[in-house]
Amino acid sequence: LDWLISNCSSTLMIHYRFITLLFSLYFASCSNNYEEVKNINKVELVPAGLTKDFVLKYTDSAKLKATLKSPLNIDFTNQPFPYSEFPNGLEIEFYDEIEGTTTVSSDYGIVYYQTRIVSLEGDVTIKSPDSSFVKSEQIYWDPEQEWLFSEKKVLFSSDDYTIRAKKLDADRSFKLLKTGKLDGNFLFTEN
């Protein structure tokens with residue numbers, strides 16, 4: 001009986017060591033691959049085109065109306081929701097024979113072709129021919145309606161006024177203008 005107990009206990013020890021080794025190998029082979037699992041369904045967007053030193057000139061009736069310049073344009077018009085991105089900023093000049101040139105610049109821009117909305121982000125500045133300007137962190141532009149809007153703080157400035165507003169909703173000429181709460185200094189004449 002002693003012989004059987006000693007042989008069984010040796011066999012159990014061998015099995016115990018073998019099972020311990022298997023579990024050790026199993027747990028050692030497991031790793032935290034959460035990032036890999038997250039990326040399984042991630043789709044890599046491949047642009048239709050990439051243009052450095054991008055320049056686009058818009059003409060109407062053989063007259064130059066606008067010029068868009070950017071260090072980099074990434075064209076994603078091959079996507080289900082097509083867009084074009086300007087990750088290193090852009091500058092647009094709008095030419096008007098009567099009123100002069102209006103310049104728009106931002107640190108980042110994106111054009112959504114289906115909705116026809118342009119999002120300008122970063123240091124967005126719209127400078128009029130009379131040197132007045134509008135600044136904001138983000139301004140959306142609807143070129144079809146010639147409408148500008150933003151829910152970010154906006155600064156309007158010229159020789160006669162400096163006004164801060166909580167939001168912007170305006171036509172291109174700023175003749176139709178809605179803003180949130182205003183503060184600042186401005187001159188006006190009473191009629």
Side-chain angles (χ1 to χ4, degrees), residues 38-39 41-60 63-96 99-158 161-184:
K38 276 185 4 183
N39 291 330
N41 289 327
K42 192 173 187 180
V43 176
E44 193 76 25
L45 293 179
V46 178
L50 188 133
T51 307
K52 291 183 180 180
D53 299 322
F54 181 84
V55 177
L56 175 68
K57 295 186 180 203
Y58 173 72
T59 60
D60 185 18
K63 292 184 181 180
L64 183 62
K65 295 291 184 178
T67 303
L68 185 149
K69 296 178 184 177
S70 177
L72 179 64
N73 169 250
I74 305 173
D75 180 2
F76 289 101
T77 54
N78 59 345
Q79 301 301 314
F81 188 75
Y83 64 96
S84 193
E85 190 175 24
F86 301 91
N88 298 336
L90 59 87
E91 181 177 288
I92 308 169
E93 291 182 317
F94 294 97
Y95 306 107
D96 187 307
E99 295 186 22
T101 302
T102 299
T103 305
V104 178
S105 62
S106 69
D107 295 337
Y108 174 85
I110 189 165
V111 178
Y112 299 102
Y113 292 107
Q114 286 182 347
T115 59
R116 300 182 193 263
I117 298 293
V118 178
S119 174
L120 303 169
E121 300 174 26
D123 184 19
V124 182
T125 304
I126 302 170
K127 189 173 181 182
S128 298
D130 65 358
S131 296
S132 62
F133 63 87
V134 175
K135 284 189 172 213
S136 184
E137 293 175 34
Q138 182 171 31
I139 294 179
Y140 294 100
W141 175 42
D142 181 344
E144 197 169 276
Q145 302 294 322
E146 295 190 342
W147 206 260
L148 302 157
F149 52 99
S150 180
E151 290 294 320
K152 303 284 185 179
K153 292 179 182 177
V154 180
L155 172 71
F156 301 92
S157 186
S158 78
Y161 59 84
T162 299
I163 302 171
R164 288 169 201 76
K166 297 227 180 225
K167 64 181 182 176
L168 168 70
D169 191 7
D171 68 339
R172 187 180 78 149
S173 66
F174 294 101
K175 291 180 181 163
L176 297 172
L177 175 68
K178 291 181 184 179
T179 65
K181 182 180 173 185
L182 296 174
D183 71 28

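For the numbers below, each heavy atom of this structure counts, side chains included, while hydrogens, waters and symmetry mates do not.
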(Q) Checking the side chain of Ser128 only, and the main-chain atoms of Phe133 only, is there a donor and an acceptor separated by less than 3.5 Å? (A) no
Q | Donor-acceptor pair, side chain of Asp123 and main chain of Asp107, under 3.5 angstrom | A | no
Please tell me whether [X] and [Y] have a donor and an acceptor in their side chains that are separated by less than 3.5 angstrom.
| X | Y | value |
| --- | --- | --- |
| Gln114 | Tyr83 | no |
| Glu91 | Thr103 | no |
| Tyr95 | Thr67 | yes |

Interatomic distance, [X] atom [atom1] to [Y] atom [atom2] [nearest 0.5 angstrom]:
| X | Y | atom1 | atom2 | result |
| --- | --- | --- | --- | --- |
| Ile126 | Phe94 | CD1 | CZ | 8.5 Å |
| Asp96 | Lys63 | CG | NZ | 10.0 Å |
| Glu85 | Leu72 | CD | CG | 8.5 Å |
| Leu168 | Leu155 | CG | CG | 11.5 Å |
| Lys127 | Lys135 | NZ | NZ | 9.5 Å |
| Ser157 | Arg164 | OG | CZ | 9.0 Å |

Side chains of [X] and [Y], heavy atoms from C-beta outward: is any pair under 4.5 Å?
| X | Y | value |
| --- | --- | --- |
| Pro87 | Ile74 | yes |
| Lys167 | Phe149 | no |
| Phe54 | Leu90 | no |
| Leu68 | Phe86 | yes |

Can you name the nearest heavy-atom pair linking [X] to [Y], along with the distance?
| X | Y | answer |
| --- | --- | --- |
| Ser150 | Lys152 | OG-N, 3.0 Å |
| Ser106 | Gly109 | OG-N, 4.3 Å |
| Val124 | Leu120 | CG2-O, 3.4 Å |
| Lys57 | Leu64 | CB-CD1, 3.8 Å |
| Gly100 | Pro129 | C-CG, 3.7 Å |

Q) Taking atom CD of Glu137 as the centre, does the number of heavy atoms from other residues, nucleotides or ligands within less than 6.0 Å exceed 12? A) no
Q. Going by the angle between their ring planes, with limits at 30° and 60°, are Phe81 and Tyr112 parallel, tilted or perpendicular?
A. tilted
(Q) The criterion is side chain to side chain contact (heavy atoms under 4.5 Å, CB included); which residues satisfy it with Tyr58, sequence neighbours excluded? (A) Asp60, Lys65, Ala66
**Q.** By side chain to side chain contact (heavy atoms under 4.5 Å, CB included) - contacts of Asp53 (at least two apart)
**A.** none
Q) What side chain to side chain donor-acceptor pair (under 3.5 Å) pairs are there with at least one residue in residues 68-80, not counting sequence neighbours? A) Asn73-Ser84, Asp75-Thr77
Q: With Val134 as reference, evaluate Ile139, Thr125, Ile163, Val104 under the side-chain contact (heavy atoms from CB on, under 4.5 Å) test and give the passing residue.
A: Ile139
